[in-house]
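Residue numbers start from 1 in every chain, and the chains themselves are labelled A, B, ... in the order their sequence lines are given, proteins ahead of strands.
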Amino acid sequence: MKILLAGDTHEANEGATGFDLFQDRSVIAMTVNGSARDLAHVLSPGDSVIGITIQSPAGLEILRHSTAHVMAQAVQELFPDSKLGIGPYITDGFYFDFDVAEPFIPEDIRRIEKRMKELVGKSQRFRRVEVTEAEAIELMKNEPYKLELIGLKSEDVAEGSVEVSPDGLSVYENVNPDGSVAWMDLCRGPHLPNTRQVGKNFSLLRSAAAYWRGNENNKQLQRIYGTAWDSREALDDFTEKLEQAAKRDHRKLGTELDLFSFPDEIGSGLAVFHPKGGIIRKVMEDYSRDRHEAAGYEFVYSPHITKSNLFEQSGHLGWYSEGMFPPMKLDSEIDESGVVKKQGADYYLKPMNCPFHILIFKSRSRSYRELPLRMFEFGSVYRYEKSGVLHGLTRVRGMTQDDAHLFVSPEQLQEELTKVLQFVLDLLRDYGLNDFYLELSTKEDGNPKFVGSDEVWKSASDTLEAVAVASGLELVPDPGGAAFYGPKISVQARDAIGRTWQMSTIQLDFNLPERFDLEYVGSDGDKHQPIMIHRALFGSIERFFGVLTEHYAGHFPPWLAPVQVVGVPVADEFGGYLEDFAKELKLEGVRVFVDHSDARMQKKIRDHTLDRVPFLILAGSRDEEAKTVSFRYRDGSQVNDVSLSEAKRMILEAINTKVQV
RNA sequence: GCCGACCUGGCGCAAUUGGUAGCGCACCACUCUUGUAAAGUGGGGGUUACGGGUUCGAGUCCCGUGGUCGGCUCCA
């Protein structure tokens, strides 16, 4: 029979499988007419076949999925009463969920990993068996979660399910060399031909609880995460990457570099910034203010608490109350005769700034001539986040947003959005992030959570999309991810080691202008409703601070570095010479000091390097005579015999141009 | 919020099976000081997160509270 092999016509025997086609041992599966199949799949005339190698992205997914099966087999051998949840591949690895009587302890994980290595050595074949629903139910009769998946049918199972496919049900058996079936699982496949190919380049990483089918009302299963690779080197690289990421952890660096802390006395998720973190934050904020001013924003201020009425009108108490701190209750005072002397009231800490800015807009009548009206505030908000989700500076209960609300006429919307997006991206680049993609979050049809007419949503989403596309950046759709009041673009930034962080969001809002009955007088003399754009650039200053700390691994560029220059005299007697130079820099606003401590020079260099000071300026007798200094940078490189004027110029230029050194 | 693990000077860690809480860094003092990542000596600092309990005796065992970490759910 004729088939198409990697695009070329190929003559194959009737009943040929992938094993007959591919001699290359690194081919572990194949796509047949676009669908991934086992090598054991029997081909039909006219099939179009492409091999999948183990090191390709699709091959690694199969490897990881097969590794998950081996893990599940090991778990069920060691814990015979355990029941299987789902076990998919994920980025860089896999997980498998189990219902077990007792949560796994680290020792269990080690035993499971050891057993997996033994199973790999047993050279079991992965055998696909296509089954009817009745057969599947019979085979999985002791696996209640699998039975639930069978009952659900594929369309109800989450996207990307590895258990069931639309084509029908199948199980995979792990078959011993003697033909006996060692283990089986309901699975869509495909798999490696043999457990041997799982190899030893895997590692179990951690265990944790996870809700069955991701629903917090369901039972929690025990999930084991692992990673698997096609070579020792790839596994080592991955491990190394994890270690690098751990070294960049802003929580660790925050303590080491004395930037911020979370005193237990204050409460969870509430940070204090120490002087060194404070100066970084101040520089970030100052620069942001300057740029906002230049871009036509106006500065407003609002209080941290408000009576409940405001959040009733805005809808927050209806939609968002779970995320808010409980109210401060002021009781009403009633005199003896039952007359209310003072009305009681509930005050809330604000979780968002928008209602306040709206009240500023409403404080007097507005003309179309004032639009776009751009209000900006570093607004501190408080959100009662669940205790389990708090995470360093990236997920806190008290934060300051660099928040702006733009009131525009419908005609101005597209142009203003374009400007805002450009502004956001420009500013992020100045802070050193320059690898972005955009996400367009839109409404989900039929979901009642989204307010407003389909027509308005469509026009808003289309406008956002046009603006996003025009930016030239990659655009990822996120259907159903919109806020209840309107669609949004979010800017995702990749950091120095390739992790992505959600940064800025730009949201369109038709709901609040309606709720607050906002209006302006148009050129026609009639009243019109403005559209609101919500926009936070850093997301929150705290989160952005955390992201920048990790992005730079604490090596902040000179303009952000808490201490920009430290003078290190070769011996005490040159301290004065450096002090004079430092004074000159100080006059230019440089954060500089000379280390006159009685430590030796080498020790000072070590200490300030560990402190990530961008410029160490050394001077000894040679320098004093020649009126020079020498530079030592954080990477250990040095530039010697630099004249004082040139040194000053180099330092100021690096600071002013916001470059990294 | 849920599941699990963890909590010992500022930081990182020790402390035999329950038996006098130690070390390194940092800090303070003194001595020393000439070229690019750690000079030497001495000193101060802890109610072992907090509150109960068991015990002759608790950092260690038990219970509760708080916090942290890893996930789940949720989100800037």
Side-chain angles (χ1 to χ4, degrees), chain A residues 95 97 100 102-106 108 205-225 249 251-252 255-258 261-269 320 322-323 351-352 379 381 383-397 399-403 481 483 488 490 501-505 507 534 536-544 546-547 568-575 597-611 616-624 629-641:
Chain A
Y95 67 78
D97 289 345
V100 279
E102 295 292 325
F104 297 113
I105 59 172
D108 295 335
L205 299 174
R206 63 180 70 93
S207 66
Y211 296 106
W212 167 239
R213 299 186 63 219
N215 185 325
E216 64 180 322
N217 298 317
N218 288 346
K219 181 165 185 178
Q220 287 199 330
L221 308 181
Q222 292 300 313
R223 174 173 298 177
I224 303 176
Y225 285 91
D249 192 316
R251 294 168 299 184
K252 181 179 149 76
T255 305
E256 278 177 15
L257 301 177
D258 196 14
S261 60
F262 289 90
D264 291 354
E265 293 85 340
I266 300 177
S268 276
Y320 199 77
E322 271 188 22
M352 294 188 192
V381 298
R383 300 183 181 177
Y384 191 72
E385 300 289 351
K386 295 179 190 172
S387 61
V389 306
L390 300 172
H391 182 94
L393 288 175
T394 60
R395 195 75 189 275
V396 294
R397 284 183 173 163
M399 61 177 150
T400 301
Q401 295 182 310
D402 60 330
D403 210 358
K488 68 175 178 192
S490 55
W501 305 85
Q502 182 181 321
M503 309 265 58
S504 323
T505 58
Q507 309 190 336
H534 301 242
L537 195 154
F538 294 148
S540 85
I541 296 175
E542 287 79 2
R543 174 179 287 180
F544 195 70
V547 171
V568 177
V570 167
D572 265 358
E573 56 187 289
F574 309 109
S597 72
D598 60 2
R600 281 171 162 70
M601 175 192 62
Q602 287 81 351
K603 169 71 169 158
K604 292 179 185 180
I605 289 169
R606 177 184 154 84
D607 285 350
H608 301 301
T609 303
L610 289 174
D611 237 16
L616 294 191
I617 302 295
L618 281 73
S621 56
R622 207 170 72 212
D623 291 298
E624 185 159 16
V629 291
S630 83
F631 283 69
R632 181 184 161 108
Y633 294 95
R634 290 176 287 205
D635 64 357
S637 64
Q638 42 181 299
V639 181
N640 297 327
D641 305 315

Protein N or O to nucleotides 60-63 of chain B N or O, pairs below 3.5 Å:
none

Review item, nucleotides 4-10 of chain B N/O atoms under 3.5 Å of protein N/O:
none

Using nucleotides 41-45 of chain B, report all nitrogen or oxygen pairs with the protein that are shorter than 3.5 Å.
none

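Separation of the P atoms belonging to C62(B) and C7(B) is 13 Å when rounded to the nearest angstrom. If you take atom P in G10(B) and the same atom in C63(B), they sit 29 Å apart, rounded to whole Å.
OP1 and OP2 of G35(B) both lie 4.0 Å or more from every side-chain N or O belonging to K604(A).
Taking 3.5 Å as the limit, the base of U36(B) and the side chain of T609(A) contain no donor-acceptor pair of atoms between them.
For the pair L390(A) CG and A76(B) C1', the interatomic distance rounds to 13 Å; values are reported in whole Å. Distance, D611(A) CG to A38(B) C1': 15 Å, rounded to whole Å. Spacing between atom OH of Y320(A) and atom P of C74(B) amounts to 14 Å, rounded to whole angstrom units. The nearest whole Å value for the distance from the NE2 atom in H391(A) to the P atom in G70(B) is 6 Å.
Of the candidates C72(B), U68(B), A76(B), C72(B) carries the atom nearest the V389(A) side chain, counting heavy atoms from C-beta on.
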